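Read through the structure below, which is laid out as structure tokens, and then see the notes.
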Protein chains: 2
Amino acid sequence: MNTTSSIAHLLKAQGLRDTQPRRMVMQALIHIQSPASPYDIQKWITAQENTINTVTVYRVLEVFESLGLVHRHPSSGLYFPCSIPEIKGHHGFLHCTKCHLVEEFHNPELCVIENAIAKKAGFKAKNHLSEIVGVCKGCVL
Amino acid sequence: MNTTSSIAHLLKAQGLRDTQPRRMVMQALIHIQSPASPYDIQKWITAQENTINTVTVYRVLEVFESLGLVHRHPSSGLYFPCSIPEIKGHHGFLHCTKCHLVEEFHNPELCVIENAIAKKAGFKAKNHLSEIVGVCKGCVL
DNA sequence: TTGCAATTGTAATACTATTGCATTAATATA
DNA sequence: TATATTAATGCAATAGTATTACAATTGCAA
């Protein structure tokens, strides 16, 4: 879990500052629960009687992503907190089209196969992305 | 390969019309070679002394995608012709960050594993997407 | 050839994202 | 605790991406 203080430490460790806007964005992400756009995040913060600039939200998310605190869901551009400790090079997402839940997964076998595919095609792979689109447990019922 | 006439047939088979704009968009996709945005496509068509409306390009691409004639590369939103006969439910892309080549692949093992992951998580999977980001053969040199 | 429905064009608009520069505020240090 | 430094934010302008409603056109079947 990303507590407020652990984030502060993480930022400091990188020579980055623990600021009001960064705390607000993380709060928003944690509370919104589902993947959110920068504008969604801004809206949430505004609803809490605070203000934050759109550009700042974009920039904060960029920093968070580089620190492995959040993911950007590639096909939608929505952000959500990283639940699995960052595993370099591979991201797996289960995406529910009904409730927009996004769950992470990590599967080493997948990495092995994908590396093999890349090698066969003469590609030097930097990272992989797997997305499984469907309907989650709760929404199937 | 998607010849002009085969596309005409494909459209007709779906009760769709074989129109000028649809032919132009397909021509553009074939000639541009690399994944292209709707605006790129419009630009190419304009360069051939023709005209097409932006909205039309979007709509044509939507139709083509639903027919399995083109892919929309999810993280970039760029379109490119489908080279592998449509395999329902799974798309695999090798994406070169240098030359922006996008190559398709299909790997049944990957499907098996992804189905297993979905099942384990209680997901009812509709389709899968795998993307391997890296540098292609030609660009590594 | 004609009529109809599918398709396209037009115009307006909403949403998404980025840049340069001025201002503010977090932190280290005294 | 005050202050200097500079990272971070805010602001304003702008570019790019995407969608909608409705009018005009065009492909195609009869």
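The chains referred to below are lettered A, B, ... by the order of the sequence lines, with proteins before strands, and numbering in each begins at 1. Computed from a predicted model, the values in this text were never measured in an experiment.
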So do the side chains of [X] and [Y] get within less than 4.5 Å of each other, counting heavy atoms only?
X        : Y       : result
B:Ile32  : B:Ser34 : yes
A:Val25  : A:Arg22 : no
A:Phe123 : B:Cys96 : yes

Next item on the list: Tell me, please, the opening and closing nucleotides of DNA chain D, 5' to 3', among those with an atom under 4.0 angstrom from a non-hydrogen atom of chain A.
Entry: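 Range of nucleotides touched by chain A: D:dT6 to D:dA12.
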
Item checked: CD-SG distance between A:Gln33 and A:Cys99, expressed to the nearest 0.5 angstrom -> 11.0 Å

Check: C:dA17 P sits how many Å from A:Leu61 CG, rounded?
Finding: 10 Å

Next item on the list: Let me know the distance between CD of B:Glu62 and C1' of C:dT7, rounded to the nearest Å.
Entry: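 These atoms are roughly 13 Å apart.
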
Notebook entry, point to check: Of the residues in residues 34-51 of chain B, which ones touch DNA chain D at a heavy-atom distance under 4.0 Å?
Noted result: B:Tyr39

Margin query: If the condition is ring-ring contact (aromatic ring centres under 6.0 Å, His included), which residues does A:His100 pass it with, not counting sequence neighbours?
Written below: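 By the ring-ring contact (aromatic ring centres under 6.0 Å, His included) rule, A:His100 matches no residue at all.
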
Check: Taking only residues two or more places apart in sequence, or in another chain, which ones meet B:Phe105 in a ring-ring contact (aromatic ring centres under 6.0 Å, His included)?
Finding: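 For B:Phe105, no residue satisfies ring-ring contact (aromatic ring centres under 6.0 Å, His included) once neighbours in sequence are set aside.
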
Notebook entry, point to check: Should B:Asp18 and B:Arg23 count as an ion pair when the cut-off is N to O under 4.0 Å?
Noted result: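 A salt bridge links B:Asp18 with B:Arg23.
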
Distances for protein N/O vs nucleotides 10-13 of chain C N/O pairs under 3.5 angstrom?
none

With sequence neighbours excluded, residues passing side-chain hydrogen bond (donor to acceptor under 3.5 Å, both in side chains) with [X]:
X        : value
A:Thr51  : none
B:Thr46  : none
A:Glu103 : none

Show which side-chain atoms of residues 56-70 of chain A pair as donor or acceptor with protein atoms under 3.5 Å away, not counting sequence neighbours.
residue, atom, partner, partner atom, Å
A:Ser66, OG, A:Val63, O, 2.7

Note to self: When you measure from the side chain of B:Glu131 to the backbone of B:His95, do you find a donor-acceptor pair of N or O atoms at a distance under 3.5 Å?
What the structure shows: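 No, because the side chain of B:Glu131 does not come within donor-acceptor range (under 3.5 Å) of the backbone of B:His95.
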
Margin query: Looking only at the side chains, is there a donor atom on one of A:His71 and A:Glu104 sitting less than 3.5 Å from an acceptor on the other?
Written below: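 The answer is yes; a qualifying pair exists.
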
Margin query: Looking only at side-chain N and O atoms, does A:His73 offer a donor or acceptor that is under 3.5 Å from a partner on A:Ser76?
Written below: yes

Note to self: Strictly under 4.0 angstrom, non-hydrogen atoms only: write out the protein contact profile of nucleotides 22-29 of chain C, one letter per nucleotide from the 5' end, B, S or -.
What the structure shows: ---BBS--

Which pairs would a plain distance check flag for residues 107-118 of chain A, meaning a side-chain donor or acceptor within less than 3.5 Å of a matching protein atom at least two apart in sequence or in another chain?
residue, atom, partner, partner atom, Å
A:Asn107, OD1, A:Glu109, N, 2.9
A:Asn107, OD1, A:Leu110, N, 3.1
A:Glu114, OE1, A:His128, ND1, 3.0
A:Glu114, OE2, A:Ser130, OG, 3.1
A:Asn115, OD1, A:His128, NE2, 3.2
A:Asn115, ND2, A:Cys111, O, 3.2

Next item on the list: Please work out the stems of DNA chain D from pairs that are Watson-Crick or G-U wobble with both distances under 3.5 Å, keeping only runs of three or more consecutive pairs.
Entry: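 Stems for DNA chain D, defined as runs of 3 or more consecutive pairs: C:1-30 with D:1-30.
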
